[in-house]
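Heads up: the structure comes next, in structure tokens.
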There are 2 protein chains.
Amino acid sequence: METQERNRTAKGEASRQRLLAAATAQFARKGYHHTKVSDIVKAAGLTQAAFYLYFPSKEAIFTELVDSFRMKLATLAQSAGKVASLAPGEAARQIKENLRDVFAFLQSEPELTRIAWFESPDAKEMKEKVIALLSAHILNNQQAGHIRKELVPEVAACCIVGMIDQLTERWIVTGEKQPEQLTEEMSELLLYGVLAPYQSR
Amino acid sequence: METQERNRTAKGEASRQRLLAAATAQFARKGYHHTKVSDIVKAAGLTQAAFYLYFPSKEAIFTELVDSFRMKLATLAQSAGKVASLAPGEAARQIKENLRDVFAFLQSEPELTRIAWFESPDAKEMKEKVIALLSAHILNNQQAGHIRKELVPEVAACCIVGMIDQLTERWIVTGEKQPEQLTEEMSELLLYGVLAPYQSR
């Protein structure tokens, strides 16, 4: 009861946010196993007692961070549904736009991306969901004639998630490339393949 | 001195191999942190004392497994160098052949793949090396006119490793798809891209 009241005050909310921000930085730097609650409270400039006012355990604060990522990802996935209703000739532009949104999202909070997309045990299940969603989009767009019918939707979706994964680890969470540039570079392979045009099929 | 002699005997070598096989299965199932030396010796039907005759620690046996994977991967990478000297019109066939070899290798010992390619802290460095090697091949084949010049070699290499990674986790280590089939399915995207041919560029 006391905890709940404290949570509702503005000061309480500010402390909570400071703990979440400190936990993000600590988990991203040291990994989940090597981060202690004492590291988090020290980085947040709060006491151990304050921590337990807001979170029952290290696991609980980690779960909250992963859940916040998951929710943002779900919002993004919903807005990417736009592709389903493409006008002919617009597929390339629309795919690039969605891809840039994904990279921008993954770069907006790179530490959270590191935790939730690469380190969390839930990452695999999140990727499975993204693959399932992407598969459905690919199938839709094959039927609409925008995407090559020779592709197996689930395999293509899996390839796309793999590309985004590897590029994000190397250039997005490190901040070494901007979403716009990486989108253009990945799209060259994704849209048109690697083979030079003269090659016989 | 005694250890060395024991290592050289046929019986000693058989015990060593049994420990390596048991360790592979245990690490793949439980992960490195949750595997104990006692689990490994129990699975191998040997004693704790026998284990320490061959390996100084759990870390040492894990490292030996990862190193054996790394060596096989290096051999494979060398033989893939063939692509560099392609005949015109043969690029698609040769790329598929190399891809099938990679999937066959990753499926030949799926538990070892799980440990060395997905779980080991050295995996990132191994992937970096594969990306560097692939980049060089892509550049060569762009100069030879086999691969599209619009691709940034390092980005394309990173995309290819990402695709292999994700497909391997989902279909290769689980044994759900055979290398031949998955090669055909991935090649549709890799060689020709996702965009239906009528789409304007």
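As the structure is a prediction and not an experimental result, all values here were calculated from the model.
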So, do A:Lys124 and B:Glu169 sit near enough that their side-chain heavy atoms are less than 4.5 Å apart? yes

From OG (B:Ser187) to CG (A:Leu151), nearest 0.5 Å: 11.0 Å

Stepwise, does the side chain to side chain contact (heavy atoms under 4.5 Å, CB included) test hold for A:Gln166 with B:Gln166? CA-CA 10 Å; A:Gln166 204 67 34; B:Gln166 204 67 33; over 6 Å; no

With chain B as the partner, which of A:Leu190, A:Val152, A:Leu182 has the greatest number of non-hydrogen pairs under 4.5 Å? A:Leu190

What do you reckon, is NZ of B:Lys30 surrounded by more than 12 foreign heavy atoms closer than 6.0 Å? yes

Quick one, A:Arg170 and B:Glu154 - any side-chain contact, counting heavy atoms below 4.5 Å? yes

Ring pair (Phe, Tyr, Trp, His ring centres under 6.0 Å) pairs, two or more places apart, involving residues 90-125 of chain A: A:Phe69-A:Phe105

Structural part of B:Ile131 lying under 4.5 Å from a heavy atom of chain A: side chain

Does A:Arg148 use its side chain to pair, donor to acceptor, with the backbone of B:Glu188 at less than 3.5 Å? yes

Is it the case that more than 12 heavy atoms not belonging to B:Lys36 sit under 6.0 Å from its NZ atom? no

Ignoring hydrogens, what is the shortest heavy-atom contact between A:Ala196 and B:Gly145? Give both atom names and the distance. CB-O, 3.2 Å

Walk me through whether B:Met186 and A:Cys159 qualify under side chain to side chain contact (heavy atoms under 4.5 Å, CB included). CA-CA 7 Å; B:Met186 170 172 155; A:Cys159 285; 4.2 Å; yes

What residue pairs, at least two apart or across chains, pass side chain to side chain donor-acceptor pair (under 3.5 Å) with a residue in residues 55-68 of chain A? A:Arg16-A:Glu64, A:Asp67-A:Arg70

Side chain to side chain contact (heavy atoms under 4.5 Å, CB included) between B:Asn141 and A:Val194, intermediate numbers included: CA-CA 10 Å; B:Asn141 281 286; A:Val194 301; over 6 Å; no

Might you work through the side chain to side chain contact (heavy atoms under 4.5 Å, CB included) test for A:Met163 and B:Leu189, ending with a clear yes or no? CA-CA 12 Å; A:Met163 290 189 235; B:Leu189 192 160; 3.7 Å; yes

Are B:Val155 and A:Lys177 packed together at the side-chain level, in the sense that at least one heavy-atom pair is separated by less than 4.5 angstrom? yes

